[in-house]
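Encoded as structure tokens, the structure appears first; notes follow it.
What's counted below: heavy atoms across the whole structure, side chains too, no hydrogens, waters or symmetry copies. Note that the numbering runs from 1 along the sequence shown for the chain.
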Amino acid sequence: MKGIRIRPEQEGLRTTLFDLEAEIMECVWSAGWESFAVSDVLEALQESREIAYTTVMTTVVRLFKKGLLSRQKDGRRYVYQSKMSRAQFIEKMTRDVLSSLPEGGRETAMTFLVEQIEDADDAELDRLEALIQARRQERAAALKSSDEEDP
């Protein structure tokens, strides 16, 4: 995705999106809209604040240019669709951040993860253990498959 940066001083989606961008994406995901127009977003946002149509339109277009939304022409207006769910967005951002780390960054990130799970409960540790086991099984299956293909 284009134009995404990390703001560690922020929380949630605001770590990677500007405030209004995050608010609009939350609105889209929470409402479960398959497709929407700028006017739909405006109406939803106006329930909690005063905001201009042109401000919402500019921000929706920026989200389109960043690759979070797709759009189709519908008469004189555009109809937008989210290109990913909230969970997919978070996964993509996490992968992008990890893959962009300098040499040694992955090891530092894994060390930080281990430090964070010190406070994990048994259920969280079980989920982590299951993920690690699944990854090992995937790697073993891939190795076995490649060995069988080589004469």
Side-chain angles (χ1 to χ4, degrees), residues 1-38 40-42 44-49 51 55-72 78-151:
M1 285 179 284
K2 302 172 238 161
I4 303 290
R5 78 276 172 270
I6 302 298
R7 297 187 308 165
E9 73 280 4
Q10 297 293 323
E11 292 184 12
L13 293 179
R14 286 167 173 77
T15 58
T16 54
L17 297 173
F18 288 111
D19 293 347
L20 185 55
E21 292 172 344
E23 193 173 345
I24 288 172
M25 290 308 298
E26 282 292 353
C27 179
V28 169
W29 290 325
S30 296
W33 291 329
E34 292 282 326
S35 61
F36 60 93
V38 171
D40 298 321
V41 177
L42 177 68
L45 292 177
Q46 284 182 329
E47 291 178 9
S48 60
R49 60 142 94 192
I51 191 165
T55 303
V56 176
M57 181 181 65
T58 299
T59 307
V60 168
V61 169
R62 194 166 56 227
L63 289 165
F64 165 74
K65 289 180 178 178
K66 287 183 175 186
L68 278 102
L69 302 175
S70 61
R71 70 181 183 190
Q72 296 176 324
Y78 283 106
V79 175
Y80 293 86
Q81 300 83 33
S82 177
K83 292 177 82 173
M84 61 188 74
S85 68
R86 179 187 289 113
Q88 290 169 326
F89 175 77
I90 292 168
E91 181 180 330
K92 173 117 177 68
M93 288 295 87
T94 304
R95 288 183 187 280
D96 288 353
V97 167
L98 288 175
S99 67
S100 69
L101 293 174
E103 188 175 324
R106 283 179 59 126
E107 184 176 332
T108 302
M110 286 193 296
T111 301
F112 179 71
L113 175 64
V114 170
E115 290 171 1
Q116 292 300 305
I117 62 171
E118 285 179 356
D119 299 328
D121 61 18
D122 286 342
E124 289 174 306
L125 291 172
D126 290 344
R127 279 194 304 275
L128 184 57
E129 190 174 343
L131 287 169
I132 292 169
Q133 186 62 36
R135 181 64 186 129
R136 285 188 172 149
Q137 289 172 351
E138 289 170 10
R139 283 179 44 194
L143 284 172
K144 183 178 178 184
S145 175
S146 68
D147 287 345
E148 291 173 356
E149 291 176 5
D150 291 335

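Going from atom CG of Leu98 over to atom CE of Met110 covers 9.5 Å, rounded to the nearest 0.5 Å. For the atom pair CZ (Phe36) and CZ (Arg71), the distance works out to 11.5 Å, reported to the nearest 0.5 Å. To the nearest 0.5 Å, atom CD of residue Gln88 and atom CE of residue Met93 are 12.0 Å apart. In this structure, NZ in Lys66 is found 14.0 Å from NZ in Lys83, a value given to the nearest 0.5 Å. Atoms CG and CG, on Leu128 and Leu113 in that order, are 6.5 Å from each other to the nearest 0.5 Å. The CD1 atom of Ile132 sits 12.5 Å away from the CD atom of Gln137 when rounded to the nearest 0.5 Å.
Leu69 is not listed as a side-chain neighbour of Tyr78, based on a closest heavy-atom distance of 4.5 Å or more. You'll find the side chain of Leu20 reaches within 4.5 Å of the side chain of Leu45, heavy atoms only. Arg135 has its side chain out of reach of Leu131: every pair of non-hydrogen atoms, C-beta onward, lies at least 4.5 Å apart. The shortest side-chain heavy-atom distance between Thr59 and Val41 does not fall under the 4.5 Å cut-off. In this structure, Trp33 and Cys27 have side chains that are in contact, with non-hydrogen atoms separated by less than 4.5 Å.
When the shell of 6.0 Å around CZ of Arg86 is examined, it contains more than 12 heavy atoms from other residues, nucleotides or ligands. Residue-environment remark: CD (Glu129) stays at or below the threshold of 12 foreign heavy atoms within 6.0 Å. For Glu9, the CD atom is densely surrounded, since the number of other residues' heavy atoms within 6.0 Å is greater than 12.
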Criterion side-chain contact (heavy atoms from CB on, under 4.5 Å) on Val60 and Met57, from CA distance to verdict = CA-CA 5 Å; Val60 168; Met57 181 181 65; 5.8 Å; no
task = Determine, step by step, whether Ile24 and Tyr80 satisfy the side-chain contact (heavy atoms from CB on, under 4.5 Å) criterion, reporting the C-alpha distance in whole Å, the side-chain angles of both residues, the deciding distance to 0.1 Å, and the verdict.
result = CA-CA 12 Å; Ile24 288 172; Tyr80 293 86; over 6 Å; no
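For the residue pair Glu26 and Leu13, the shortest heavy atom distance occurs at OE2-CD1, 3.1 Å. Gln81 and Ser35 make their closest contact through NE2-CB, 3.7 Å (heavy atoms, listed as atom of the first residue, atom of the second, distance). Between Glu23 and Ser48, the closest heavy-atom pair is OE2-OG, 4.4 Å. The minimum heavy-atom distance between Ile51 and Leu42, with the atom names listed, is O-CD1, 3.5 Å.
Proximity of a side-chain donor or acceptor of Thr111 to a complementary backbone N or O of Glu107 within less than 3.5 Å is detected.
The salt bridge (Lys or Arg N to Asp or Glu O under 4.0 Å) test applied to Arg95 returns Glu91, not counting sequence neighbours. When the side-chain hydrogen bond (donor to acceptor under 3.5 Å, both in side chains) test is applied to Ser100, no partner is found at least two apart in sequence or on another chain.
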